[in-house]
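Each chain gets a letter, A, B and so on, in the order the sequences are listed, and its residues count up from 1.
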Amino acid sequence: MSKKLTSRSEDYSKWYNELVVKADLAENSAVRGCMVIKPYGYAIWEKMQAELDKKFKETGHQNAYFPLFVPKSLFEAEERNAEGFAKECAVVTHYRLQNDPDKPGKLRVDPEARLEEELVVRPTSEAIIWNTFKGWVQSYRDLPLLINQWANVVRWEMRTRLFLRTAEFLWQEGHTAHATKVEALDEAKLMNGVYANFVENFMAIPVIQGVKTENERFAGADETYCIEALMQDGKALQAGTSHFLGQNFAKAFDVKFANKEGKQDYVWATSWGVSTRLMGALIMTHSDDHGLVLPPSLAPNQVVIVPIYKSEDDLNEITEVANSILADLRSKNRTAKFDNRTTHRPGAKFAQHELQGVPLRIAIGPKDLANGTVEIARRDTLTKEIVSLNYLAARVEALLEDIQSSLYNKALNYRDTHSTEVNSFDEFKDVLENKGGFISAHWDGTNDTEDKIKDLTKATIRCIPLENKKEEGVCVFTGNPSKQRVLFAKAY
RNA sequence: CGGGGUGUAGCGUAGCCCGGUUAUCGCGCCACGUUUGGGACGUGGAGGCCGCAGGUUCGAAUCCUGCCACCCCGACCA
């Protein structure tokens, strides 16, 4: 394995793959399309989970857990949903293996052990959950029902990439039931806002909130809200979705309740999710040719201390200083680690922590001992400064806060300079080819036009932004009248 | 599922056309010593069913047949 990462300009996608593996986030497994998330990568995912889980609970949701398997008959109950996912389902057909009579030492599927009804490995859980909700809802008093589950799902993708698209992935899926349409719509918007808030403030990634066009809508939804982020290579990434499901699932699974007037009515539904794909968004937004760059709020270690010493005495003295820094940082709820491995030299440690995106590195050597100082290096700018021990605590706080906000601002600035309004199809193609990023253009509102643009350019409508100014115009492709601009981009 | 390609040590590779001593080199790994303010150096060492199964041959990593796996490009997709 070479020491240096392939640079982004050389081969962006190679850079991404190498970074994921070398920073020890994840690796490919023996199972096609399925990854192993390694401890360092999982620690970052756990930080995301913890914060999201807190936000879900603050908005009144409770966690529960539903089965991995969905009987085929339940899966097909909501037709549009079933149709949308049918082509990418793993299906369990048998429940037993046996010794293969023709190949000693090998196993085969027992042909006698075919399941009466096939089980679909969930690509999403609406079916099994709505079948369950039927038993939980009788009256308006049982509503709203606000449930979330943390789970794995399987979508049998043709081409996979670590974190961005894997056959199995981890996610959370919220499923809620409401007495009124307005309430369900509000819930879908609320949760989309929770995602936007989390991704922007915690992951330092600016997002556009919007609604999907009919083409891009979730199978079985009446409306899909989403957050869209722009990656460093000019491609968009859908970072989260929140669906207003209308009464589609309530009708498919016969989930009715008695309202205050004593009349039976179908409940209104939402579902919403974010996945380990957020790890991909994180990497592709902030990282550089030296490796991962983590916003402090997601870094498993916000600060790492590296000792530089010639003698045992030096090391002992450095350890004392390091321990008092650690204690101080921990008392401020900062995570820090003293990297006192004797098996690696300082240069190797510097390189490793840079590769893994540790926001701040403190180096302490003989010179520092003599002067009562340390050297602090920040990962995002790669700049160093000498700080007196007396001011260290305050300086670390200030730097961590500054890194968090400047990562966001840098990403926002990139997005702003890579969002372009175009008014002709030539301009559209030119910007898409030569500049990339979001393209704001008028569209006549038809699926047909959207499909044709996709065929010609590979760009899709990422969303119709929620905070869209109304503006009359003509469709960039057909010249037909349009009421507002929509956001196009090539997408992951 | 179409088109293209690749399987040699943990990783990356040479050798393959044109069969012939003990399968090449680098990284990594192990031991000892010297080192430690940006990926250390020296010496010694370990590690291989050359993807799998057949075949041709005195002899196969190398030639032939079949199989398997993976990668890239399309169609599909969070």
- Query: Paired stems touching RNA chain B, three or more consecutive Watson-Crick or G-U pairs with both distances under 3.5 Å?
  - Reply: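 In RNA chain B, stems of three or more pairs: B:1-7 with B:68-74, B:10-12 with B:25-27, B:29-34 with B:40-45, B:51-55 with B:63-67.
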
Close N/O contacts between protein and nucleotides 68-72 of chain B (under 3.5 Å):
none

For [X], what residues pass the side-chain contact (heavy atoms from CB on, under 4.5 Å) criterion, not counting sequence neighbours?
X      : answer
A:K337 : A:N301, A:V304, A:H353
A:H418 : A:L230, A:Y414, A:K435
A:K87  : none
A:N340 : A:F338

- Letter by letter from the 5' end, nucleotides 33-40 of chain B scores (B base, S sugar-phosphate only, - none; protein heavy atoms under 4.0 Å) --BBBBBB

- Among residues 201-212 of chain A, which contact RNA chain B at a heavy-atom distance under 4.0 Å?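 When residues 201-212 of chain A is checked for heavy atoms under 4.0 Å from RNA chain B, there are no hits whatsoever.
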
- Query: Got a sec, which pairs hit salt bridge (charged side-chain N to carboxylate O under 4.0 Å, His left out) with one end in residues 282-291 of chain A, sequence neighbours left out?
  - Reply: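 Residue pairs with at least one partner in residues 282-291 of chain A: A:R8-A:D289, A:D288-A:R379.
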
- Message: Tell me which pairs pass ring-ring contact (aromatic ring centres under 6.0 Å, His included) where either residue lies in residues 184-237 of chain A, with sequence neighbours left out.
- Response: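 Applying ring-ring contact (aromatic ring centres under 6.0 Å, His included) to every pair that reaches into residues 184-237 of chain A, excluding sequence neighbours, yields A:F85-A:F218, A:F198-A:F202, A:F218-A:H243.
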
- Task: Only pairs at least two apart or in different chains count here, so list each side chain to side chain donor-acceptor pair (under 3.5 Å) that has a residue in residues 43-52 of chain A.
- Result: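 Output for this query lists A:E51-A:K55.
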
- Message: Test: side chain to side chain donor-acceptor pair (under 3.5 Å). Region: residues 453-466 of chain A. Which pairs qualify, not counting sequence neighbours?
- Response: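 Qualifying pairs: A:E228-A:R462, A:T460-A:R462.
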
